[in-house]
Amino acid sequence: MFVTMIAAKIRAYLRYRETVRELSRLTDRELDDLGLSRSEITFIARSHASA
């Protein structure tokens, strides 16, 4: 059970980092086209990782 919980936390963290990396690569114009601002990247990444 403990190992499963740790593995899930690691997977969530990796999803978070990947999402931040991908969104950070976009230009401000591309983010605007998606309806996002640069300041929302961490919030979106956390939401994605916890889903």
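Just so you know, these numbers use all the heavy atoms, side chains as well, and skip hydrogens, waters and symmetry mates.
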Would you list the atom pairs, donor with acceptor, under 3.5 Å between side chains in residues 21-30 and any protein atom, with sequence neighbours excluded?
unit_1	atom_1	unit_2	atom_2	d
S24	OG	V20	O	2.7
T27	OG1	E30	N	3.1
T27	OG1	E30	OE1	3.4
D28	OD1	R38	NE	2.9
D28	OD1	R38	NH2	2.9
E30	OE1	T27	N	2.9

Distance-only check: which donor-acceptor pairs under 3.5 Å involve side-chain atoms of residues 42-51, not counting sequence neighbours?
unit_1	atom_1	unit_2	atom_2	d
S47	OG	F43	O	3.0
H48	ND1	T19	OG1	3.3
S50	OG	R46	O	3.2
S50	OG	S47	O	3.2

Exercise answer: donor-acceptor pairs, residues 3-12 side-chain atoms, under 3.5 Å, sequence neighbours excluded:
none

